[in-house]
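Heads up, the thing below is written out as structure tokens.
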Amino acid sequence: MSDCIFCKLVEGKIPSTRIYEDENVIGFKDLRPQAQVHHLFIHRRHTRDIIDLVSCDPDQLGDLFRAIATYTAKESLTREGFRLVTNLGPDAGQTVFHTHFHVLAGEQLGSFGA
Ligand code: AMP
Ligand code: ZN
């Protein structure tokens, strides 16, 4: 999508610090980190959010989760743990409408939902 910043990032039209890359998925550092480790994982093919992804292109989920599992194991984030988050819509605070998963790690993360 031409007006999507993460599509532009996939195409290399805006800069990012990539930490993971394969034929389907890109991982990169979040511009405004909310934890010691804060990375975003996106599929190269555009979908708007997780519901759009599941209805239009569900194979992306396997690609994304495999990439996240590979990366977190390689970086030993699986040892102390990490949080995987996706936001959908205004109540959750979604600001970029290209499906993405936040990987948060590297410190004790605050509890939520209690
Ligand atoms: P969300 O609020 O779940 O839609 O998450 C969007 C995230 O994208 C936020 O954490 C932003 O800091 C991050 N972000 C926005 N633009 C960029 C960019 N150009 N490079 C890296 N991260 C970005
Ligand atoms: Zn996009």
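Just so you know, ligand 1 is whichever comes first in the structure, and atom 1 is the first atom listed for that ligand. Quick caveat, the model's predicted, so the values are computed rather than measured.
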Should [X] be listed as contacting ligand 1, given a heavy-atom distance under 4.0 Å as the test?
| X | answer |
| --- | --- |
| F6 | yes |
| G93 | yes |
| Q34 | no |

### Query
What closest approach, in Å, do F82 and A105 show between heavy atoms, and which atom pair accounts for it?
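F82 and A105 have their closest heavy atoms at CB-CB, 3.7 Å.
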
### Closest contact, heavy atoms only, A35 versus L104
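Residues A35 and L104, closest heavy atoms: CB-CD2, 4.0 Å.
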
Listing, residues 46-54 side-chain donor-acceptor contacts under 3.5 Å, not counting sequence neighbours, or none:
unit_1	atom_1	unit_2	atom_2	d
H46	ND1	H98	ND1	3.2
T47	OG1	T99	OG1	2.6
D49	OD1	I51	N	3.1
D49	OD1	D52	N	2.9
D52	OD2	R48	N	2.8

Side chains of [X] and [Y], heavy atoms from C-beta outward: is any pair under 4.5 Å?
| X | Y | value |
| --- | --- | --- |
| H100 | T86 | no |
| H38 | V103 | no |
| D57 | R45 | yes |

Protein heavy-atom partner closest to [atom] - residue, atom, separation in Å:
| atom | result |
| --- | --- |
| atom 23 (C) of ligand 1 | L31 CB, 3.7 Å |
| atom 1 (P) of ligand 1 | H100 NE2, 3.2 Å |
| atom 13 (C) of ligand 1 | D30 OD2, 3.4 Å |
| atom 4 (O) of ligand 1 | T95 N, 2.7 Å |

Side-chain ([X]) to main-chain ([Y]) donor-acceptor, under 3.5 angstrom:
| X | Y | answer |
| --- | --- | --- |
| Q94 | V96 | yes |
| R44 | E23 | yes |
| E75 | A73 | no |
| Q36 | G106 | no |

### D63 side chain to Q60 side chain, donor-acceptor N/O pair below 3.5 angstrom
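There is no such pair (donor and acceptor under 3.5 Å, judged by atom type) between the side chains of D63 and Q60.
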
Can you find an N or O of [X] that's nearer than 3.5 Å to an N or O of ligand 1?
| X | value |
| --- | --- |
| H38 | no |
| H102 | yes |
| L9 | no |
| I14 | no |

### Task
May I ask you to decide whether E21 forms a salt bridge with R18, counting only side-chain N to carboxylate O separations under 4.0 Å?
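Here E21 pairs with R18 in a salt bridge, since their nearest N and O are under 4.0 Å apart.
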
### For ligand 1, the portion of L40 having any non-hydrogen atom under 4.0 Å away
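It is the side chain that gets close, since no backbone atom is under 4.0 Å.
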
#### Entry: Proximity to ligand 1 by part of I5, non-hydrogen separation under 4.0 Å
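The answer is the side chain.
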
#### Entry: K29 neighbourhood, listing ligand 1 atoms whose heavy-atom distance to it stays under 4.0 Å
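Per the distance check, 21 (C).
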
### Query
Looking at F6, Y71, F101, Y20, which hits ring-ring contact (aromatic ring centres under 6.0 Å, His included) with F28?
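It is F6, the one option of F6, Y71, F101, Y20 that forms the ring-ring contact (aromatic ring centres under 6.0 Å, His included) with F28.
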
### Task
Measuring from the Zn ion (ligand 2), count protein N/O/S atoms under 2.8 Å, please.
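That number is 4, waters not included.
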
